[in-house]
Amino acid sequence: MELSKQYNPKEAEESHYQRWEENGCFRPEINENPDAEKYSIVIPPPNVTGSLHMGHALQHTIMDVLTRRKRMQGFRTLFVPGMDHAGISTQLMVTRQLKKDEGKTPQDIGREAFTKKVWDWKEQYGGTILKQIRREGISVDWSREAFTMDEGLSKAVRNVFVALYEEGNIYRGARIVNWCPKDETVLSDLEVEDKEKKDGKLYYLQYPIKESEQKRTLTVATTRPETMLGDTAVAVNPNDERFKDLIGKTIDLPLTNREIPIISDEYVDAGFGTGAVKITPAHDPNDYEMGQRQNLPQLNVMNLDGTMNEDAGEDFSGLDRYKARKLVVEKFDELGLLEKIDDYEMVLPVCERCKTVIETLISEQWWVKMDEMRDLALELKKDKDYPRFTPENPHTKVYTDWLENLRDWTISRQLWWGHQIPAWYDKDGNVFVARSKEEAIENAGTDELTQDEDVLDTWFSSWLWSFSTLSWDGEINETEDLQEFHPTDVLVTARDIIFLWVSRMVMSAMKFIGERPFDDVYITGTVLAKDGQRMSKTKGNGVDPMDVFEQYGVDATRITLAGSSTGMDFAWRDEKVESYRNFANKIWNATRFCLMNAEGAKVDLATLENAEKIADKWIISRLNKTAKEINEALDKYAFHVAVDKLYHFFWDDFCDWYIELSKDEITAGDTESTTRILTILEQSLRLLHPFMPYLTEELWHKLPGADASLHNSAYSNAEPTIMLADFPESNAELINEKAESEMQTIIELITKIRNIRAEMQIKPSDKISIHLAGNPETQNIFASNEAQILKLARAKDLTLGESLDAPNASAKGVLTNGTEIAIPLEGLIDFEKERKRLQNQINKLETEKERLDKQLSNENFVNKAPKEKVDAVRERVAEIETQTKALNENLENLG
RNA sequence: GGGCAUAUAUGUCAAUUGGUAGACAGCUUCCCUUACAAGGAAGAAGUUGGAGGUUCGAGUCCUUCUAUGCCCACCA
């Protein structure tokens, strides 16, 4: 069988996924071991809007690496896929589409028709996402795919709502809220973003004080003059001497016919602005609170679309808020009451989705009291230390701090896309919260009921995700999946939803399941654009993972992402994927080489245990050590360490040294050697598989002897696939430090000779002679590897002895263990060049020795540092002395 | 305003508990050697942002400064 010279990812990516899926490899049921430990992960459901971005690819890769390794280790694994209906975003997008296609608004076509359109939209774009998830190669169980609007998950939402309502943890009430005038819905605090406004203004308005003889005024400063129409007081600090006499007096509020009191409140900072604050309880959160304290009336002057209402007065009613602002300022100017306008940099709250500046206003909404659930989550962290964050810092602290300051959660949204609130009203406005309309009718004793128009916040369904995806719906509370897979093992997600989602999942699971939703939380870094900026559509600096898949292959992309995953943010670089694309090609070609010579051999694990030669013992030791390091790294979520070890093991140890050292035997068809190299290759492919599933599967099937007998025992009856092969664990007995150090000496020798050849500009085609002088043990090592040394150093003969037997006209060198090297160069040697070369090496060593001598002459170091550190320095000094001595002699002998 | 993180070779990033700094890409020289030029061989390249301190020893710990980023809170 002959492989092509280059790896073509597309071929490998074409068929395997479908086969894995059809064979049930992604399902936990494939595991036949009744006692298998379980491992489960639920995917953070991507929004049905848009498509997957690099952050998804990163998270998904990491979850899949974890899952695939555990599966190979024989765990009963479940990786649940799904999507989120993403209320506001989706409604926003479909609304835009509707406007574009038909020039209509949702109201024009009505609730039913609109939601149908959203479902169509969901089918289309959701379908794209599902395709993309498949392309990523992640081993999710599609038979358990979930969507937050599914029947079961919706039932869970209703039951949770009713349960919380019945115990008084959900209530309806008018409070000050964040309102998006464009989307015309309430937003929770977490859905509001800050936006810098550089050209902001601070307006100083003079308010006339009633019954003051000299027409005194009190100046207030505001960034939102239009809200003065809703002012119901002016507040000053009680200790502010300037205004003490004014407290209790009243203001004739311009542009209105209202009279408002001047009050005192500790909240006012006398040192800021004018020291007097206009108070608008209906349109500012701080003013709202002061209003509550001081019993001030709330005057709502705004409509829900951001225009002013009748209470703003005739002149303003119906005006857009910004036009109203302009008009208020103009009128104050006309009245001679506009003191000044200052430039003022400020931060404006905007809607996270549509970026419209939000308004704060009073509105009747549904709320969840979080106190009890918050305490459950805090106790879980305090008593059991769940969930454990990676990286621990800063997430643990941020998480607990946030919980400690948690406020009630606004859960209603004025949208049509989502779970409609299970509350019904009768003619008199009495509310009946129930699991269904029938139940509500029963409770109300009438069927003249109308359901609450609003839907629930998207997060009110996704906060149940860890268990609602395992078939819990609030009626069936004990499901097999729940029993088996909850709590899940780890949640892998991005930083920005720790509060929105992670913390809420903990609270809901503690409340409704009575246990944590996951043990660990791995927070990935952000994938930044090449320029180090955040990727964004507006900047156009985004990189689409699908394009990268197309160009470099899925596997190269996956291992790039995993290799970059230190928990820190990192900038995306095409060069990085390119080097892993090359790595994939390297793996392909190494396999190609092995297969070209595999006649009569097949994978046989026994060949790992009976190695005689140093090189074999060495590579087996390296393999086992690498397996150990990879397993340890993955246990700690140190993905970059695992990738680094794999890369260097495969490329440096296996390809550059082992294949080269074994080449003669392999090409000669020595069956034991070919069997062994195939076996080591096969083990390497297994280690690589979680990162590079397609390539490794493609190659594995080409290996003779790769069949179901290599599966983990939990999968003996499954169709052969590397994804069910036993993941290599490290066998401590096969880690051989002696072989590693002997091999190191051989590598050092060959490298040294190559270095001499390069520096002395010996042509690659010129075969040299090598003279070596060293202790008997070293001589032995070299003697038993003579053929390989000759080949890799491009030499014709090797002379070994206790002392050097070579002409003066030789290039010389010395190894760390004191072994001397001479390469005769009759006529070719440039003595001046050689002298320089030797002197250079001596200088380097002496610089190092000077530093070490200084350390050793420091009594404090010798006395206080650990003995092994001191000994190591002494040993190194001894090595340097031997080497410099030999080099100096060589230098002298040059004449 | 508060909190946190980051600053290491030209670039992007690593560096387990403090033990004297590595990878990839790029660069220089040589080689199409029968797995791979998406390759092989050999190299050059860093006062670890600045300044102090603790320590026998600091990229790592402490203080401070500078720059950048993130989060939280929002004084009108």
Side-chain angles (χ1 to χ4, degrees), chain A residues 3 5-7 189 194 202-203 220-224 227 235 267-269 271-280 284-287 346-347 349 391 393-395 397-398 401-402 405 495-496 498-499 526 528 530 532-534 552 556 560 563-564 566 568-576 578-597 632-633 636 638 640-641 643-644 647-648 655-656 659-660 663 666-667 750-751 754-759 761-765 791-792 794 848 851-852 855 858-866 868-870 872-873:
Chain A
L3 268 58
K5 275 179 101 169
Q6 280 191 0
Y7 170 52
D189 293 343
D194 291 340
L202 187 61
Y203 304 85
V220 297
T222 179
T223 54
R224 297 184 298 157
T227 61
Y267 162 79
V268 179
D269 178 356
F272 186 86
T274 64
V277 189
K278 61 189 275 308
I279 302 300
T280 324
D284 182 278
N286 294 310
D287 295 4
M346 58 183 168
V347 184
N393 197 11
H395 304 303
K397 190 175 180 309
V398 170
D401 283 357
W402 184 79
N405 297 305
R495 237 183 335 253
D496 53 350
I498 294 180
F499 305 145
T526 309
L528 303 170
K530 192 180 173 170
Q533 303 278 87
R534 210 166 250 280
Y552 299 101
T560 303
S564 306
T566 61
M568 296 282 106
D569 294 353
F570 61 95
W572 179 263
R573 302 237 116 212
D574 280 345
E575 295 93 313
K576 225 185 286 180
E578 207 175 313
S579 84
Y580 284 110
R581 187 267 321 258
N582 295 350
F583 182 48
N585 194 49
K586 190 78 182 175
I587 298 166
W588 176 266
N589 275 293
T591 307
R592 179 168 178 255
F593 170 76
C594 293
L595 289 175
M596 283 166 77
N597 301 288
E632 283 172 357
K636 291 190 296 197
H640 65 295
V641 174
V643 170
D644 186 70
Y647 184 93
H648 290 291
C655 293
D656 286 349
I659 289 185
E660 295 307 327
K663 214 162 214 173
I666 303 290
T667 48
I750 293 168
T751 306
R754 283 168 171 174
N755 172 286
I756 291 171
R757 292 187 64 119
E759 290 196 25
Q761 290 171 327
I762 298 167
K763 277 191 284 182
S765 52
K791 184 172 156 68
L792 298 187
R794 304 187 147 263
E848 191 187 345
R851 204 191 72 225
L852 298 177
Q855 242 180 322
N858 182 339
E859 275 180 40
N860 281 324
F861 173 71
V862 179
N863 296 333
K864 289 187 186 172
E868 61 269 23
K869 297 286 174 200
V870 181
V873 172

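Order of the sequence lines sets the chain letters (A, B, ...), proteins ahead of strands, with each chain counted from 1.
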Can you tell me how far [atom1] in [N] sits from the matching atom in [M], rounded to whole Å?
{"N": "B:A51", "M": "B:A15", "atom1": "P", "answer": "25 Å"}
{"N": "B:G43", "M": "B:A38", "atom1": "C1'", "answer": "22 Å"}
{"N": "B:G2", "M": "B:A73", "atom1": "C1'", "answer": "8 Å"}
{"N": "B:A42", "M": "B:U47", "atom1": "C1'", "answer": "28 Å"}
{"N": "B:A21", "M": "B:U48", "atom1": "P", "answer": "10 Å"}
{"N": "B:A25", "M": "B:A67", "atom1": "C1'", "answer": "26 Å"}
{"N": "B:G46", "M": "B:C62", "atom1": "C1'", "answer": "25 Å"}
{"N": "B:A45", "M": "B:A9", "atom1": "C1'", "answer": "6 Å"}

Mind listing the closest non-hydrogen atom pair of [X] and [Y] along with its distance?
{"X": "A:A590", "Y": "A:I659", "result": "CB-CD1, 4.0 Å"}
{"X": "A:D287", "Y": "A:T280", "result": "OD2-N, 2.7 Å"}
{"X": "A:D194", "Y": "A:V347", "result": "CB-CG1, 3.2 Å"}

Handout entry: Closest-nucleotide ordering on RNA chain B, the 5'-leading residue of A:R495 and A:P394
Key =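 Nearest-nucleotide comparison on RNA chain B picks A:P394.
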Handout entry: RNA chain B: 5'-proximal contact among A:K576 and A:Y267 (nearest heavy atom)
Key =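 Here A:K576 is the residue nearer the 5' end.
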When you measure from the side chain of [X], which nucleotide among [options] comes out closest?
{"X": "A:R592", "options": "B:A35, B:A73, B:A38", "answer": "B:A35"}
{"X": "A:A758", "options": "B:G19, B:A42, B:U12", "answer": "B:A42"}
{"X": "A:K278", "options": "B:A38, B:A76, B:A35", "answer": "B:A76"}
{"X": "A:H640", "options": "B:C74, B:A15, B:A38", "answer": "B:A15"}
{"X": "A:P764", "options": "B:G19, B:C31, B:A35", "answer": "B:C31"}
{"X": "A:Q6", "options": "B:A38, B:A14, B:G19", "answer": "B:A38"}
{"X": "A:S579", "options": "B:A76, B:A38, B:A25", "answer": "B:A25"}

Without decimals, in angstroms, what is the distance between [X] [atom1] and [N] [atom2]?
{"X": "A:F570", "N": "B:U12", "atom1": "CZ", "atom2": "C1'", "result": "11 Å"}
{"X": "A:E578", "N": "B:G11", "atom1": "CD", "atom2": "P", "result": "20 Å"}
{"X": "A:D401", "N": "B:C4", "atom1": "CG", "atom2": "P", "result": "10 Å"}
{"X": "A:K636", "N": "B:A14", "atom1": "NZ", "atom2": "P", "result": "16 Å"}
{"X": "A:H648", "N": "B:C13", "atom1": "NE2", "atom2": "P", "result": "17 Å"}
{"X": "A:D656", "N": "B:C36", "atom1": "CG", "atom2": "P", "result": "14 Å"}
{"X": "A:I750", "N": "B:G40", "atom1": "CD1", "atom2": "P", "result": "16 Å"}
{"X": "A:E575", "N": "B:A38", "atom1": "CD", "atom2": "P", "result": "16 Å"}

Looking at [N], which nucleotide sits across from it as a Watson-Crick or G-U wobble partner, both distances under 3.5 angstrom, or is there none?
{"N": "B:G57", "answer": "none"}
{"N": "B:C75", "answer": "none"}
{"N": "B:C13", "answer": "B:G22"}
{"N": "B:A45", "answer": "none"}
{"N": "B:U6", "answer": "B:A67"}

Pick base, sugar-phosphate or nothing for [X], based on heavy-atom distances below 4.0 Å to the nucleic acid.
{"X": "A:T274", "result": "nothing"}
{"X": "A:F499", "result": "sugar-phosphate"}
{"X": "A:V277", "result": "base"}
{"X": "A:S765", "result": "nothing"}
{"X": "A:D284", "result": "nothing"}
{"X": "A:P866", "result": "base"}
{"X": "A:K663", "result": "base"}
{"X": "A:C655", "result": "base"}
{"X": "A:V220", "result": "nothing"}
{"X": "A:R581", "result": "base"}
{"X": "A:A571", "result": "sugar-phosphate"}
{"X": "A:R794", "result": "base"}
{"X": "A:T591", "result": "nothing"}
{"X": "A:D269", "result": "base"}

At under 4.0 Å, does any side-chain N or O of [X] touch on OP1 or OP2 of [N]?
{"X": "A:N858", "N": "B:G57", "answer": "no"}
{"X": "A:N393", "N": "B:C4", "answer": "no"}
{"X": "A:T566", "N": "B:A14", "answer": "yes"}

Has the side chain of [X] got a donor or acceptor that lies under 3.5 Å from a partner of the other kind on the base of [N]?
{"X": "A:K5", "N": "B:C36", "result": "no"}
{"X": "A:E660", "N": "B:A35", "result": "yes"}
{"X": "A:Q855", "N": "B:U20", "result": "yes"}
{"X": "A:K586", "N": "B:A38", "result": "no"}

Practice task
Look at the aromatic rings of A:F499 and A:W402 and report parallel, tilted or perpendicular, splitting at 30° and 60°.
Solution key: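 Parallel, since the angle between the ring planes stays under 30°.
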Answer yes or no: is there a side-chain heavy-atom contact under 4.5 Å between [X] and [Y]?
{"X": "A:I666", "Y": "A:F593", "result": "yes"}
{"X": "A:I587", "Y": "A:Y7", "result": "no"}
{"X": "A:R495", "Y": "A:H395", "result": "yes"}
{"X": "A:Q6", "Y": "A:W588", "result": "no"}

Exercise for the section: For the pair A:D284 and A:K278, find out whether any cationic side-chain nitrogen is under 4.0 Å from an anionic carboxylate oxygen. Expected result: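 A:K278 and A:D284: not salt-bridged.
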Practice task
Salt-bridge test for A:K663 and A:E660: reply yes if a basic N is under 4.0 Å from a carboxylate O, no otherwise.
Solution key: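 A salt bridge links A:K663 with A:E660.
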